Amino acid sequence: MKEINFAEIEKKWQQYWRDNQVYKADEKSGKPKYYALTMFPYPSGKGLHVGHPLSYVAADIVARFKKHQGFEVLHPMGFDAFGLPAEQYAIQTGKHPADTTAENIATYKKQLEILGLSYDWDREVRTSDPEYYKWTQWIFLQIFNSWYNKETDRAEPIETLVNRFKVEGSKGFEVENGFTADDWAAFSEAEQEKVLQQFRLAYLAYSEVNWCEALGTVLANDEVINGVSERGGHPVTKKKMRQWFLRITDYAERLLQGLETIDWPEPLKEMQRNWIGKSTGAQVEFKVRGVEFKGEGLKFKEPPSHAGEGLGPTTIEIFTTRPDTIFGSTFMVVAPESDLVQQLITDEQRGEVNQYIEYVKSRSERDRMADVKTVTGAFTGSYAINPFTNEEIPIWTAEYVLASYGTGAVMAVPAHDSRDYAFAKKFGLPINQVVSGGDISKESYDAKEGTLINSGFLNGMEVKDAINEAIEVIEEMGIGKRKVNYRLRDAGFSRQRYWGEPFPIVFDGETPKPLNEGDLPITLPEVVSYKPTGTGESPIAAVNDWVDAGNGLRRETDTMPGYAGSSWYWLRYMDPHNKEAFVGKDKEAFWQNVDLYIGGSEHAVGHLLYARLWQKVLFDLGYVGKDEPFQKMVNQGMIQGTSQIMYRDDLKNEFISYEEYEKSNWTWNSDEVANRPASDKEQLESFEEPTRKFSSIHVPIEYVNANNELDYKKAFEEVPYLTGHKYSANDKGKIVCQPVVEKMSKSKHNVVTPDAMVEKYGADTLRMYEMFLGPITDSKPWNTAGIDGVFKFLRKFWNLFYNKQNEPEISDAAATKEELKVLHSCIQKIEGDIERLALNTCVSSFMICINDLQSLNCNKREILEPLTVLLSPFAPHIAEEAWQLLGKAPSVTSAPYPVFNPAYLVEDAHVYPIMINGKKRHEITLPAGIGQDEAIAKALAEEAVQKWTEGKSLRKQIFVPKKIINLVVG
RNA sequence: GCGGGUGUGGCGGAAUUGGUAGACGCGCUAGACUUAGGAUCUAGUGCCGCAAGGCGUGGGGGUUCGAGUCCCUUCACCCGCACCA
């Protein structure tokens, strides 16, 4: 058996590919294009782990396959290099994030290169490179200088809006304060900008951030745990800050509709649909009692009782998807965080409500989500008028209503909304059923079907009709209108951080002004310290020279969020060195958009939504030709790690074997005991109070063998956090650890890098093994148990080229029919499976093919040549070497793909299973073209069949050509 | 609470349109070759059963000549989330 010197082969061909620019993408080749992309990584300090190659290799296989098929392939790689970890590291060490990022990227690139991925490295992008983020800033300027024209349904330059203001003022637009053309002309620049801010696709608004006074900084959601800061455990409160937003809500409908045009996994589309959250219904005004009603003249029982700020709001606007149930609305609820609440509070309720609002502020969104069963709220003291019943209904405030959705207020219909129902039950509010169905003494009836009752003019209607009728009446009454509502909110685009793209914006007082294209890039200044300023501003704010832009102008000191750079990077790959434009027209026209995008579903509603937004804005402004960036999307599953947990007996202060912990771990509390099965309770009753305490620790997996036994002598000597600690082995002299499957991470000491695997088996084996693990979309723990099988397979392939004396020997004799059949069934299978990304079954098919050829002793050029091309996308190094052995000039990567010929697969006989009453009982070989009657007759004539049919009548016979024969007897 | 997903041998998994369940690989068993085997080759390997045969795709029910696949119901686990009016 000829061994493969894979280390030498892989190095040799990687060098060849580099030297000869084998993977260079050329727009002028005249071939059709194919763009294969994997989500670029954030280069963390941990380096690449075995999970990364899953998507990289899959995309690489498709890219190489398409190249063989004659496509001009764009398959680039880059780095999402701005981000929090580098900045946190900088705060701790003082090292410049740019330096640590560069180091991490170098490590990643080295690891990527040894995997033999067919990247065109000339096209590498790094989002933190000024040459790149110059164009991120440029695109931001385009967004800033645009507005969404609802008439043309696309973004347009802001000038087109200004021109309309000049001619007809604000006519036809919803603005805070209407104005005429003359008003506009008379406005100061600041006043004009204030109006434009209501239209720009990038605008400033005040919104709440997680503010940690003790740390003097704004925290990401990630950094807040149970209402306190992750590091230090300091209290976190809400603070309003001026921030940039992208008006993604204007694109809600197009982002929704666009999903119909792209080939993405249905669950992913569903997540985006839910996130956009389109619902149709009505927006309705409810009058607040005590306020003069302009309409039909309702009578109020009492005069206004508001104190302090004078009268409250005249109306409260609500959005409802169930206008048919207005007759059943018995109270209203407004969001505690909305401004409305303060205006509605009466003197006698002020104390209670403010106390409640304080309570809500202390609750993180996590809290509010976790216990849905806790119903809380407070009565504001005010009443509204139900517009259909003319009855007074109390206005409450409760945390289940969010200021950010709809209008921040709801009409509560407890009979037909489960949350309203729970609320009404808790606070003793009336529940009036208005749709027949369900049993509202037990629970609300939320279904959108039934007949309207207790509902005046809606009585007797079906829900669907009642909704329409109700909206018509609402519109006639002039108190509301039909409305489509989206859950989607505008995207926050500011971060009070150092390591991100600076905004190309300066402030004249409060007025933002865009910088000129010629001023770009606005580069990050050097800072003395990466530590927070204490004011909530980014560290840049402390660099006065930089902030001062001359003429009394001050630079924006926020930076852009992590997703800015990743919202357009696929476009830069098309033309990465262009100094004149973010992408050249001709290059963009050639590559268009990404044909296959592979990445994790955790980006479903973040990156993948923002990327679509940016593409659509650029499309509207005429900069790109496609309005969807990723035509086909595939989610890869997560490769988890197996951690090893070691337990410590805290009282004895020594580490112990797992079974010691297990047998002592009966420390349930009484609540748990009540829910335990009886057998467990018995066990518990016989148990004494726990006298032992344990803690646990992750041990590095490299010190633990396949039986979960720790090499404790070595571990306690070498692992820094274990040295000097006491331990006690069990009576077999072992310390056993507990294996736990969890996410691979450095802190859990369970990271497996591809490096060691490549060293032991080679990149080709690792590539194929990762594909062999299972469907690309499945998550699974990393397990090397089967890697030998793949390694053996490659060796078998290799040995087809060698004779018994381990000399290369390839025959020029014509291939037999059988050999061609083996080859062509493989071609058919591989081609189909790559197209549907079933790469695991590709590997199986290769194994079958090689096993067959091996038993046929086939070493014929006619077979081995196409086979080598077939294998090349999967195991590119060994394929190149084999190609050379075949006497062909490199590179195999540009060899045309073998053409499948079905003629070789034609069978002249087929083995039919014979089923009796649906169970397989026998087999029979019949000619391929046999007809039903003859086949059944032959089947019935078989002795083994007669055994089953004897003494019974044949009731039915099924013959499916090339499939089965089924005989029903009885 | 809402949304999405997954359940198939000892293990990873296969079965593309309702048509031979368990391909391929790991592991395991036996044998061959061998100084040796953690190399290689051959044979076997879903479960129960001596066999005939029976049972088998989380559980229960249904449609069908035929169900892993379709329908109803139920259980378990995983992932995501903004209580979304």
Side-chain angles (χ1 to χ4, degrees), chain A residues 1 3 265-271 273-275 277 279 281 318-322 325 333 365-366 368-375 398-402 404-413 416-420 422-423 446 485-489 601-602 604-605 637-638 640 741 768-769 772-775 777-781 783-793 795-796 799 829 832-833 835-836 838 840-849 851 854 911-923 955-970:
Chain A
M1 189 125 227
E3 292 297 326
E266 197 49 44
L268 197 74
K269 287 190 186 181
E270 199 57 32
M271 275 188 242
R273 282 190 201 107
N274 291 339
W275 194 258
S279 55
I318 58 104
F319 172 75
T320 179
T321 54
R322 296 293 303 274
T325 62
V333 186
E365 291 205 337
R366 284 249 162 246
R368 284 169 76 166
M369 236 179 337
D371 62 321
V372 291
K373 290 185 180 85
T374 315
V375 179
E399 61 178 337
Y400 80 89
V401 173
L402 304 177
S404 55
Y405 182 75
T407 61
V410 301
M411 64 163 200
V413 185
H416 305 288
D417 180 289
S418 51
R419 286 155 310 149
D420 295 345
F423 195 83
D446 295 13
N485 197 50
Y486 299 93
R487 211 157 58 108
L488 187 70
R489 303 176 203 160
S601 61
E602 66 269 25
V605 291
M638 192 199 295
Q640 294 143 320
V741 172
M768 292 196 82
Y769 181 62
F772 190 54
L773 276 176
T777 48
D778 287 6
S779 286
K780 55 192 91 71
N783 170 11
T784 55
I787 197 165
D788 271 337
V790 175
F791 187 64
K792 278 191 241 173
F793 152 76
R795 193 161 45 190
K796 283 189 210 167
N799 277 278
K829 185 84 172 116
D833 283 1
E835 294 285 1
R836 63 187 181 103
N840 52 331
T841 49
C842 283
V843 181
S844 302
S845 304
F846 276 125
M847 288 173 167
I848 293 167
C849 178
N851 286 345
Q854 193 183 40
V911 180
Y912 281 91
I914 299 177
M915 303 176 87
I916 314 289
N917 293 342
K919 286 228 172 253
K920 188 193 162 193
R921 296 299 181 187
H922 190 55
E923 264 179 10
R955 293 198 175 162
K956 200 162 183 174
Q957 42 202 308
I958 289 102
F959 172 77
V960 184
K962 293 272 176 82
K963 295 279 187 196
I964 51 135
I965 294 167
N966 191 5
L967 304 171
V968 184
V969 296

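Below, chains carry the letters A, B, ... as their sequence lines are ordered, and counting in each starts from 1. Note that the structure is a prediction, hence the values are computed from the model and not measured.
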**Q** In whole Å, measure the gap between the C1' atoms of B/C71 and B/G56 for me.
**A** 22 Å
**Q** For B/A82, what is the paired nucleotide under Watson-Crick or G-U wobble rules, both distances under 3.5 Å?
**A**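 Per the H-bond distance test, none.
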**Q** Checking contacts here: which listed nucleotide (B/A85, B/C24, B/U20) is nearest the side-chain heavy atoms of A/Met915?
**A**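 My answer, after comparing the listed nucleotides, is B/U20.
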**Q** Under 3.5 Å for both donor-acceptor distances, Watson-Crick or wobble: does B/C77 have a partner, and if so which one?
**A** B/G5
**Q** Across all strands, who's sitting opposite B/G18 as a Watson-Crick or G-U wobble pair, both distances under 3.5 Å?
**A** none
**Q** Syn versus anti for B/G9, judged by chi lying within 90° of 0?
**A** syn
**Q** What nucleotide, of B/A15, B/C81, B/U20, holds the atom closest to the side chain of A/Arg836?
**A**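 Looking only at side-chain atoms, A/Arg836 lies closest to B/A15.
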**Q** Minimum heavy-atom separation for A/Ile787 to A/Tyr769, with atom names?
**A** N-CE1, 3.4 Å
**Q** Remember a base hit wins even if backbone is also touched, and classify A/Val410 as base, sugar-phosphate or nothing at under 4.0 Å, heavy atoms.
**A**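 Contact class for A/Val410: base.
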**Q** Base, sugar-phosphate, or nothing: which does A/Ile958 touch, judged by heavy atoms less than 4.0 Å apart?
**A**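 Answer is base: heavy atoms of A/Ile958 come under 4.0 Å of a base.
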**Q** Which value, in whole Å, describes the distance between the P atoms of nucleotides B/G10 and B/G46?
**A** 11 Å
**Q** Taking any strand in view, what nucleotide pairs with B/C33 in a Watson-Crick or G-U wobble way, both distances under 3.5 Å?
**A** none
**Q** Between A/Tyr912 and A/Phe959 (judged by ring centroids, cut-off 6.0 Å), do the two rings come close enough to count as a pair?
**A** yes
**Q** Give none if B/A23 has no partner; otherwise give the nucleotide forming a Watson-Crick or G-U wobble pair with it, both distances under 3.5 Å.
**A** none
**Q** Rounded to whole angstrom, note down the C1' distance from B/U74 over to B/C83.
**A** 27 Å
**Q** Partner of B/G46 by Watson-Crick or G-U wobble geometry, both contacts under 3.5 Å, or none?
**A** B/C55
**Q** What interatomic distance, in whole Å, is found between P of B/G54 and the corresponding atom of B/G9?
**A** 22 Å
**Q** Considering only B/A85, B/G25, B/U20, which nucleotide approaches the side chain of A/Asp417 most closely?
**A**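 So the side chain of A/Asp417 is nearest to B/A85.
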**Q** Closest to the A/Glu270 side chain: B/G3, B/C83, B/G13?
**A**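 The nucleotide sitting nearest to the side chain is B/G3.
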**Q** Does A/Arg955 have more than 12 heavy atoms from other residues, nucleotides or ligands lying within 6.0 Å of its CZ?
**A** no
**Q** For nucleotides 33-44 of chain B, give me one character per nucleotide, 5' to 3': B if any protein heavy atom sits under 4.0 Å from the base, S if the only such contacts are to the sugar-phosphate, - if neither.
**A** ------SSS---
**Q** By the 4.0 Å heavy-atom rule, please label A/Glu923 as base, sugar-phosphate, or nothing.
**A** base
**Q** Which whole number of Å gives the distance between the C1' atom of B/C84 and that of B/A76?
**A** 29 Å
**Q** Expressed in whole Å, how much space separates the P atoms belonging to B/A43 and B/G49?
**A**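 Per the computed distance, 27 Å lies between those P atoms.
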**Q** With a 3.5 Å cut-off and heavy atoms only, can you find an N or O donor on one side and an acceptor on the other between the side chain of A/Lys829 and the base of B/U16?
**A**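 Indeed there is one.
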**Q** Figure out the CG/C1' separation between A/Asn917 and B/A67, and round it to whole Å.
**A**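 It works out to 16 Å between those atoms.
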**Q** Quote, to the nearest angstrom, the C1' distance that separates B/C48 from B/G66.
**A** 25 Å
**Q** Within the 4.0 Å heavy-atom criterion, would you say A/Ile848 contacts the bases, only the backbone, or no part of the nucleic acid?
**A** sugar-phosphate
**Q** Please report the distance, rounded to the nearest Å, between CD1 in A/Ile787 and P in B/G12.
**A**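 In whole Å, B/G12 P and A/Ile787 CD1 are 17 Å from each other.
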**Q** For RNA chain B, whose closest nucleotide is more 5', that of A/Asp833 or that of A/Tyr912?
**A** A/Asp833
**Q** When you get a sec, tell me which of B/C84, B/G5, B/A23 is the closest nucleotide to the side chain of A/Leu402?
**A** B/C84
**Q** Consider only side-chain N and O atoms of A/Asn485 and A/Ser279, and report whether a donor and an acceptor are under 3.5 Å apart.
**A** no
**Q** Classify the nucleic acid contact of A/Asn851 as base, sugar-phosphate or nothing, counting any heavy atom under 4.0 Å across all strands shown.
**A**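 Sugar-phosphate, backbone atoms only, no base.
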**Q** Between A/Asp778 and A/Lys780, does at least one N-O distance fall below 4.0 Å, as a salt bridge requires?
**A**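 Salt bridge flag = no for A/Lys780 with A/Asp778.
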**Q** Could you work out which one of B/C83, B/G13, B/C84 sits closest to the side chain of A/Asp778?
**A**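 For the A/Asp778 side chain, the nearest candidate turns out to be B/G13.
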**Q** So what's B/G38 paired with, Watson-Crick or G-U wobble, going by both distances under 3.5 Å?
**A** none
**Q** When you check the phosphate oxygens OP1 and OP2 of B/A14, does a side-chain N or O of A/Asn840 lie under 4.0 Å from one of them?
**A** yes
**Q** Looking only at atom P, what distance separates B/C77 and B/A32, rounded to whole Å?
**A**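 That atom pair is separated by 50 Å.
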**Q** Look at all strands and tell whether A/Lys963 reaches a base, only sugar-phosphate, or nothing, counting heavy atoms closer than 4.0 Å.
**A** sugar-phosphate
**Q** Check the phosphate of B/C65 against A/Lys956, side-chain N and O only, distance under 4.0 Å to OP1 or OP2. Yes or no?
**A** yes
**Q** Between A/Arg921 and B/A52, does any side-chain N or O lie under 4.0 Å from OP1 or OP2?
**A**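 No, outside the criterion.
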